[in-house]
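Values below: all heavy atoms of this structure, side chains included; hydrogens, waters and symmetry mates excluded. By convention in this document, chain letters (A, B, ...) are assigned in the order of the sequence lines, proteins followed by strands, and residues within each chain are numbered from 1. Note that the structure is a prediction, hence the values are computed from the model and not measured.
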Protein chains: 4
Amino acid sequence: MTRIYLIACGGTIEKVYSEQTGTVQNLDTKIDRYFRLLRLPDTQIETTHLMNKDSLDMTNEDRAQVLEVVRVKLTDPAPVVITHGTDTMVETGMVIKNNLPNLTVPIVMTGAMTPLGFEASDGLQNLTESLLAARILQPGVWVAMHNQVFPIDRVRKDRELARFVWR
Amino acid sequence: MTRIYLIACGGTIEKVYSEQTGTVQNLDTKIDRYFRLLRLPDTQIETTHLMNKDSLDMTNEDRAQVLEVVRVKLTDPAPVVITHGTDTMVETGMVIKNNLPNLTVPIVMTGAMTPLGFEASDGLQNLTESLLAARILQPGVWVAMHNQVFPIDRVRKDRELARFVWR
Amino acid sequence: MTRIYLIACGGTIEKVYSEQTGTVQNLDTKIDRYFRLLRLPDTQIETTHLMNKDSLDMTNEDRAQVLEVVRVKLTDPAPVVITHGTDTMVETGMVIKNNLPNLTVPIVMTGAMTPLGFEASDGLQNLTESLLAARILQPGVWVAMHNQVFPIDRVRKDRELARFVWR
Amino acid sequence: MTRIYLIACGGTIEKVYSEQTGTVQNLDTKIDRYFRLLRLPDTQIETTHLMNKDSLDMTNEDRAQVLEVVRVKLTDPAPVVITHGTDTMVETGMVIKNNLPNLTVPIVMTGAMTPLGFEASDGLQNLTESLLAARILQPGVWVAMHNQVFPIDRVRKDRELARFVWR
């Protein structure tokens with residue numbers, strides 16, 4: 001069994017529709033329900049539900065907390081997947097890269113443009129890709145989405161195209 | 001082939017998630033895509049995309065317009081299904097009932113608490129039910145949702161329970 | 001709460017794909033998993049998993065058993081839905097009709113052309129329709145599928161069209 | 001845009017349910033419908049529908065044909081994904097490996113235990129994984145399924161476990 005740490009930070013990928021308010025918000029985590037749709041016979045996912053925030057609302061303290069959790073996990077190294085809002089995903093990834101220069105495992109960030117379980121969602125695709133990327137990429141901090149993999153310092157979100165692109 | 005008139009007025013059942021704004025709105029109609037998921041070998045649906053409004057935004061003029069379309073359709077009578085926001089569905093239904101006292105076909109109103117295509121949506125269930133109700137109910141104005149059928153003057157929405165109940 | 005008796009007899013609607021054999025068979029019941037996808041706030045379903053047979057394999061003894069279960073249920077009357085293979089659905093329904101002449105509730109038979117949960121399945125549509133039909137039809141024995149309702153003595157399966165038609 | 005060659009050979013991943021026979025067979029290709037469920041903004045898939053066979057029915061001639069198509073594609077090199085029945089996937093992969101010793105791109109074989117679009121199918125997961133693997137693996141012949149990647153000469157199917165394992 002290969003272990004993968006999964007750190008859930010919220011973002012669109014985990015947003016849910018509220019029937020009471022008619023809005024889409026980060027209320028409950030739902031990522032575990034979707035992992036169960038995947039076949040992972042040789043993968044043991046250890047999930048940390050760290051926070052459930054729209055990434056536009058994440059503060060420097062929040063990013064420090066993500067960094068701290070990653071640091072603690074890496075005392076017993078295994079690949080890490082971080083689910084995160086797309087708007088500031090790169091910002092959080094750069095904090096990790098700048099503070100953890102000697103990584104021995106890949107740290108893969110992913111998210112979604114449309115919440116898991118909504119029609120045309122890219123969430124399960126991105127989860128699937130990030131889990132595979134965590135297994136086969138070199139050490140470093142990466143973004144994996146939409147059949148693409150980017151080093152964290154070479155990527156930016158293109159809001160109009162609703163995807164990540166090289167920079 | 002049995003004809004059914006379908007008049008689409010918007011409401012939650014037709015809301016879509018916008019990746020640009022992260023909100024759920026009545027932007028495009030999508031009801032036809034979902035009808036295609038049903039098997040209707042003996043049913044010919046004639047859809048009128050009348051408006052695409054959150055029913056809290058519907059005005060008296062909007063309701064007069066719905067009434068007028070129903071009236072025109074009934075010159076060549078066939079059962080009618082009206083998809084509509086749930087918040088003022090009963091109000092619109094009462095306008096129809098009060099203005100069309102001698103119905104010879106059923107008029108079935110339906111909608112959804114969660115948009116079609118979102119996880120745990122009741123939209124396709126309600127569409128399925130309203131189409132069957134249109135075939136077998138007596139003439140009159142009805143609400144069909146969640147395996148229940150109510151005469152329009154006996155029903156109210158319970159917001160807390162997120163469903164319709166007797167009144 | 002309205003009670004509905006559900007008697008599950010197998011048929012295509014409950015068939016599952018076996019990864020070991022690569023075939024589609026009546027192995028386990030799965031109808032309950034699909035009921036949970038419907039919103040039934042005012043409906044209490046009491047399920048009897050009677051048998052799990054391809055209806056081509058059903059014997060006279062099997063049909064006698066279905067009749068007996070229906071008879072017992074009707075000592076405390078409530079509408080009945082029977083899920084059944086389509087090939088001999090009408091045969092079983094006629095046994096019920098001929099032996100229970102004074103029904104006070106509707107008995108609605110349904111099934112599917114493609115198993116529940118397979119792409120393009122009509123299973124959930126037919127379940128949804130049969131549950132609504134059970135609520136609003138007159139006493140009698142009926143087939144409800146594909147937005148149509150037939151009295152049991154007026155219907156036959158058209159294998160080529162993969163649906164039920166009038167006879 | 002990154003090009004990926006997709007060579008479809010059939011197997012369980014492409015099987016469909018036939019309502020006429022009640023069996024699951026390789027009748028039509030359906031892989032394109034499922035690619036459309038993925039977001040591939042930077043990927044151009046060039047699909048070759050080579051054959052549509054249960055891999056237990058594949059002959060030496062069939063394997064020679066797969067090899068030939070791969071050889072032709074590699075005159076203009078780009079990563080290759082081959083969808084294939086799981087029972088003889090390794091056999092076909094070994095033919096490719098033994099005959100194409102100086103690969104400059106990865107050739108990724110995948111398939112499924114349950115057909116695309118059936119409940120609990122692993123098909124879309126495996127497609128997603130193989131497309132990502134095609135982008136980031138080293139040159140060579142690989143199997144990608146269930147969040148695992150194997151070199152073709154180190155893998156075998158375990159029928160009882162319904163998955164691939166190291167050998």
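B/I136 CD1 to C/E129 CD: the interatomic distance, rounded to the nearest 0.5 Å, is 9.0 Å. The line from OG1 of B/T128 to CD of C/Q125 is 5.5 Å long, rounded to the nearest 0.5 Å.
Of all non-hydrogen atoms in C/L132 and B/Q148, the two that sit nearest each other are CD1-N, 4.3 Å.
Judged purely by atom type and a 3.5 angstrom limit, C/R39 uses its side chain to pair as donor or acceptor with the backbone of B/A120.
Surrounding NZ of B/K30 are more than 12 heavy atoms belonging to other residues, nucleotides or ligands, all under 6.0 Å away. Within a 6.0 Å radius of NZ in B/K97, other residues, nucleotides and ligands contribute 12 heavy atoms or fewer. Atom CD of B/E160 sits in a sparse spot, with 12 or fewer heavy atoms from other residues, nucleotides or ligands closer than 6.0 Å.
Of the residues considered (C/L38, C/L127, C/V149, C/L137), C/L38 shows the highest number of contacts with chain B, using heavy-atom pairs under 4.5 Å.
Contact annotation for C/A144: neither backbone nor side-chain heavy atoms come within less than 4.5 Å of a heavy atom of chain B. Residue contact with chain B, scored on non-hydrogen atoms closer than 4.5 Å, is absent for C/L124. Neither the backbone nor the side chain of B/L161 has a heavy atom closer than 4.5 Å to any heavy atom of chain C. Interface remark: C/I4 contributes side-chain atoms only to the contact with chain B (heavy atom separation under 4.5 Å).
Under the 4.5 Å side-chain criterion, counting only non-hydrogen atoms from C-beta, B/N147 is in contact with C/R135.
Within residues 67-89 of chain B, no residue has a heavy atom under 4.5 Å from a heavy atom of chain C. Listed in order of number, the residues of residues 40-50 of chain C that approach chain B to under 4.5 Å between heavy atoms are C/L40, C/P41, C/D42, C/T43.
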